[in-house]
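Here is the structure we will look at, set down as C-alpha cells.
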There are 2 protein chains.
Amino acid sequence: MAIELKPLQALTLLKTVALAEVRDEMPDLTWRQMAILLTVYLEPSPHTVRGLAAKLGVTKPVITRALDTMGAMGLVSRHRDEKDRRNVLIKRTVSGALYVERLGDLVIAKSRELPL
Amino acid sequence: MAIELKPLQALTLLKTVALAEVRDEMPDLTWRQMAILLTVYLEPSPHTVRGLAAKLGVTKPVITRALDTMGAMGLVSRHRDEKDRRNVLIKRTVSGALYVERLGDLVIAKSRELPL
DNA sequence: CTTGAATGATACGGGACCGAAACAATATAA
DNA sequence: TTATATTGTTTCGGTCCCGTATCATTCAAG
C-alpha cells in the first residue's frame, strides 16, 4: 500500500526534524551533508566523489570537504578503489548506520503526534 | 486515522527534500530558517523573537538575523506590537505561504514514488 | 615511454552564520 | 519622576562553507 501523506503532515514531519536539528538533539549536519549521507545509505553502492557531485549538482570540492567533516564524525569512510586507484569509494560505517537509524526513529516517533 | 510511515519512507522523504534544497530547486534555507518558517506557518500566532528563540533553543540574535534574511526573501514580515511596542510580531506573507505550499507539494509528489 | 585525460584534494578570497556582549527603545515599579 | 526590567537590534571576533582555479596521482592511448 502506498503511503497516504497529506501536505500538512509532511510539513509537520519536516518541522520536527528541523527543530531536532536546531536544538542539538542530533549532530548538526548541513543540507548538503544530509543529502550525501542519505544518498550513501539509501542508494546502492558504489559511491564516488564525482558521482555524488553530479547527483547533488555541486562541485567536487564540496563533496571532498563534506566527506572530511563527516569522516571526522565517523558517519562515512573513504577507501581507494583498488581497481582504479584514481577513484575514492565512500562507504558506510557503524556509527553512520546508527545515526541514520536514529534519524528515522525520530521522525517515526514524532509522526504519531501528527495532526490529521 | 494516524499515518503509517516506515523508517525507510521517512528517510526517503528527507532525502528528497535535502536533494531539492541542494540542487537549487527551491530557495536555500538553513535548518534554523526552516525551523522558523515552519513554526510561523504551522503554529498559531502570535510569534515573537523571544518566543521563537525559546522554542528553537537559540539566542535572540540568531532569530533577528534569520528574520532579516527571510524578510529580504519575502518569506515573513515583521510588525511592531501596538499593545506592547517592545515586541515584534512575525507574520506570514503571500510569498511565504506559497513557498510552504510548494514545499509540501514537493514532498507529496515524491512520496508517491517511495519504496514500501 | 610519453602524452593526454580523468579523479580527487588543496589554496584562496569571499560570504553567511554563530554566540557573547553592548546598545536603544519601551514598559513597569518604586 | 526615576530606576529597573524587558524586548529586539547591532557590533565584534571567530568559524565554517562555497566556487574557481590549481595541483598531485593514476590511468589509457599513441
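Sequence lines set the chain letters: A, B, ... in the order given, protein chains first and strands last, and positions in each chain run from 1. Heavy-atom basis, side chains included; hydrogens, waters and symmetry copies ignored.
Side-chain atoms of A/Arg80 come within 3.5 Å of backbone N or O of A/Arg85 as a donor-acceptor pair.
Residue contacts shown for B/Glu82 are absent, as no nucleic acid heavy atom lies under 4.0 Å away.
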Look for any protein N or O under 3.5 Å of an N or O in nucleotides 18-21 of chain C and output each such pair with its distance, or none.
residue: C/dC18; atom: OP1; partner: B/Arg32; partner atom: NE; Å: 2.8
residue: C/dG19; atom: OP2; partner: B/Thr59; partner atom: OG1; Å: 3.3
residue: C/dG19; atom: N7; partner: B/Arg65; partner atom: NH2; Å: 3.2
residue: C/dG19; atom: O6; partner: B/Arg65; partner atom: NH1; Å: 3.0

Just the table, please: protein N/O against nucleotides 28-30 of chain D N/O, every pair under 3.5 Å.
none

Full working for side-chain contact (heavy atoms from CB on, under 4.5 Å) between A/Thr12 and A/Lys110: CA-CA 9 Å; A/Thr12 303; A/Lys110 302 286 183 166; over 6 Å; no

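Spacing between atom NZ of B/Lys60 and atom P of D/dT10 amounts to 13 Å, rounded to whole angstrom units.
Atom CE of A/Met34 is separated from atom CH2 of B/Trp31 by 4.5 Å, given to the nearest 0.5 angstrom.
Between A/Lys83 and A/Gln33, it is A/Gln33 whose nearest contact on DNA chain D lies nearer the 5' terminus.
With respect to the salt-bridge test (charged N to carboxylate O, under 4.0 angstrom), the residues B/Glu21 and A/Arg32 do not qualify. Taking 4.0 Å as the cut-off between side-chain N and carboxylate O, A/Asp68 and A/Arg78 count as a salt-bridged pair. In summary, A/Lys83 and A/Asp81 do not engage in a salt bridge, as defined by a charged side-chain N under 4.0 Å from a carboxylate O.
When distances are taken from the side chain of B/Asp68 to each of D/dT7, D/dT10, C/dG8, the shortest belongs to D/dT10.
Counting non-hydrogen atoms of neighbouring residues, nucleotides and ligands closer than 6.0 angstrom, the CZ atom of B/Arg50 reaches no more than 12 such neighbours.
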